[in-house]
Amino acid sequence: MMSNSQSTRPQLEVLLDRLREPRRYIQVIAGARQVGKTTLALQAADRVEIPHAYASADQPSLRGVDWIEQQWTRARLLARDHTRGAVLILDEVQKIPEWSESVKGLWDKDTREGLPLQVVLLGSAPLLVQRGLTESLAGRFELLRLPHWSLSEMRAAFGVTLEEYLYHGGYPGAAPLMGDVDRWGAYVRDSLIETTISRDVLLLTRIDKPALLRRLFDLGCRYSGQILSYNKMLGQLHDAGNTTTLAHYLDLLAGAGLLVGLQKYSGSTPRQRASSPKLQVLNNALMTATSELGPEDAAADPSFRGRLVESAIGAHLVNGGSAGAFDVFYWLDRGKEVDFVVRRRDQLTAIEVKSGRSRDARSGLSSFGERYGPVRKLLVGGDGIDVEDFLSRPPGDYIA
């Protein structure tokens, strides 16, 4: 939870509008740890001025479905005692085995009886939340995805500058610690990274090689913004595993809001899945907190700062498309590269980030346009779109 922080996220207004409507759907908020899910839900419940009950299943030992029933009973009493009903907020619901079946039975019973109990479910492992929704709650929920915080959100809430955002990323809970880089880094590593991997991935998913998954995450942070074949990854990780295992582990890390492997755009889905992934952290804090460079050293190192810029742009795009509005790829062919390719419906936007590397950015954009045109071509940085301007706007503003 974000302590004492007021959410300014656009999703707050969406949730408010939904809670003000007559009871129709379960509201599900999914996103990585420390992106403000709890704060947003509690503020929405306060602002609609309906009594609410809050409980969290985020404990070291897993709770059972009887815990859901106990919290639901408590909320039902509130709903019966107030003319406008009540709101039940259940946090970290994916931690409870068979949670979706239990929620389905309780929700359907209230629906039959006309009980005005609104329900909001929060989950920090979007992949597991989605699985439960599709298995049991089809037609009963609306999903609100909460990505990592953008530059504009961090600036509005904490006055963060571009340079601070490039290094410290978008974790609101860590913002008060930015003045002490050692303490900030320890918080990100211990409270965010380790907690996410141990509680949201390893504890709830069968992982045959947990050490390999951890090393893969470290590798992704070290090589964020770079294309790496699965075989080369195995060599770097000193493991005799197989590429299928690595691809699966990348999917789990993406589902936990940590790291994705962008696929090569080819116009063919099977070929995209077979391509070498471009590793991309979803928050620059993951990259810097696991490095040995402080803010001043990072800013003074042209190569590292260039990687920070490109990773921030990539994270901005992937987080912006997390609700399914568009898909993000990269492109590479015969030495010509485009950093990011965004596909929205049947429209393509090719984006090159000028971050200090020596290759000719426009040649990659031109080659991609010749292959797949008509394509919108964007250059970010240098004499193109200002990096701060690009990061300050929703990425959809720039996409065809």
Side-chain angles (χ1 to χ4, degrees), residues 148 150-151 154-155 160-170 178 181 185 188 217-229 232-233 236 258-262 264 276-320 328-333 335-342 349-368 377-393 395 398:
H148 291 273
S150 67
L151 170 60
M154 290 294 288
R155 184 168 52 209
V160 169
T161 66
L162 172 63
E163 291 302 319
E164 288 173 331
Y165 184 75
L166 290 178
Y167 185 89
H168 292 97
M178 290 193 305
V181 66
V188 173
F217 170 74
D218 291 338
L219 186 75
C221 293
R222 195 162 68 247
Y223 286 92
S224 181
Q226 298 186 44
I227 302 164
L228 220 58
S229 72
K232 189 172 182 179
M233 285 188 216
Q236 290 274 345
L258 295 175
L259 172 75
V260 299
L262 299 179
K264 176 183 175 181
S276 298
K278 179 175 182 175
L279 301 174
Q280 171 65 58
V281 294
L282 294 178
N283 192 316
N284 268 21
L286 305 172
M287 182 178 171
T288 51
T290 54
S291 75
E292 298 180 354
L293 294 178
E296 294 79 12
D297 294 331
D301 184 331
S303 176
F304 192 78
R305 188 184 184 281
R307 290 181 53 219
L308 289 179
V309 171
E310 185 169 335
S311 288
I313 297 295
H316 189 55
L317 290 168
V318 176
N319 286 317
V328 184
F329 308 89
Y330 75 93
W331 182 73
L332 177 66
D333 185 60
K336 305 292 186 181
E337 182 181 349
V338 173
D339 289 323
F340 303 105
V341 175
V342 179
T349 300
I351 301 172
E352 187 59 41
V353 182
K354 192 170 184 180
S355 57
R357 293 179 298 172
S358 59
R359 62 185 172 83
D360 185 351
R362 288 186 175 82
S363 67
L365 294 176
S366 299
S367 298
F368 184 83
K377 304 168 191 172
L378 301 178
L379 178 65
V380 180
D383 56 353
I385 301 169
D386 182 74
V387 170
E388 185 167 1
D389 288 345
F390 188 88
L391 292 174
S392 296
R393 291 177 174 271
Y398 290 102

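Remember, it's a predicted structure, so these values are computed and weren't measured experimentally.
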Asks: Report yes if some heavy atom in the side chain of L286 is under 4.5 Å from a heavy atom in the side chain of L259; otherwise report no.
Replies: no
Asks: For a side chain to side chain contact (heavy atoms under 4.5 Å, CB included) check, start with the C-alpha distance between Q280 and Y330, then their side-chain angles and the critical distance, and finish with the verdict.
Replies: CA-CA 11 Å; Q280 171 65 58; Y330 75 93; over 6 Å; no
Asks: Are K278 and L332 close enough, and set up right, to give a side chain to side chain contact (heavy atoms under 4.5 Å, CB included), and what steps lead you there?
Replies: CA-CA 10 Å; K278 179 175 182 175; L332 177 66; over 6 Å; no
Asks: Are any side-chain N or O atoms of S367 and backbone N or O atoms of K336, one a donor and one an acceptor, separated by less than 3.5 Å?
Replies: no
Asks: So do L258 and L282 actually touch side chain to side chain, heavy atoms under 4.5 Å?
Replies: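 No; the side chains remain at least 4.5 Å from each other.
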Asks: Going by heavy atoms in the side chains, are S150 and N319 under 4.5 Å from each other?
Replies: no
Asks: Taking E337 first and then K264, would you say they form a salt bridge - that is, a charged N and a carboxylate O separated by under 4.0 Å?
Replies: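 No, no charged N to carboxylate O under 4.0 Å.
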Asks: Show, in sequence, the C-alpha distance, side-chain angles and deciding distance for H316 and I313, and conclude whether the side chain to side chain contact (heavy atoms under 4.5 Å, CB included) test is met.
Replies: CA-CA 5 Å; H316 189 55; I313 297 295; 5.6 Å; no
Asks: Give, for atom CG of N284 and atom CD of E164, the distance between the pair rounded to the nearest 0.5 Å.
Replies: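 Here the rounded value is 13.5 Å.
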Asks: Begin from the C-alpha positions of K354 and D383 and carry the test side chain to side chain contact (heavy atoms under 4.5 Å, CB included) through to its verdict.
Replies: CA-CA 9 Å; K354 192 170 184 180; D383 56 353; 4.3 Å; yes
Asks: Nearest 0.5 Å please: distance from the OH atom of Y398 over to the CD1 atom of I351.
Replies: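 Spacing of OH (Y398) from CD1 (I351) equals 10.0 Å.
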Asks: Does some side-chain heavy atom of R393 sit less than 4.5 Å from a side-chain heavy atom of D389?
Replies: no
Asks: Does a side-chain heavy-atom distance below 4.5 Å link H168 with M154?
Replies: no
Asks: Taking the side chain as C-beta and beyond, is there a heavy-atom pair between V181 and Y167 under 4.5 Å?
Replies: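 They are in contact (side-chain heavy atoms under 4.5 Å apart), so the answer is yes.
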Asks: Is there side-chain contact between M287 and R307, with heavy atoms separated by less than 4.5 Å?
Replies: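 M287 vs R307: side chains touch.
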Asks: Does F340 have any ring-ring contact (aromatic ring centres under 6.0 Å, His included) partners at least two apart in sequence or in another chain, and if so, which?
Replies: none
Asks: Please answer whether the main-chain N or O of D339 pairs with a side-chain N or O of E352 as donor and acceptor at a distance below 3.5 Å.
Replies: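 Looks like yes, one N/O pair under 3.5 Å.
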Asks: Does some side-chain heavy atom of P277 sit less than 4.5 Å from a side-chain heavy atom of M233?
Replies: yes
Asks: Mind checking what makes ring-ring contact (aromatic ring centres under 6.0 Å, His included) contact with F304, not counting sequence neighbours?
Replies: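 ring-ring contact (aromatic ring centres under 6.0 Å, His included) check on F304 returns nothing, list empty.
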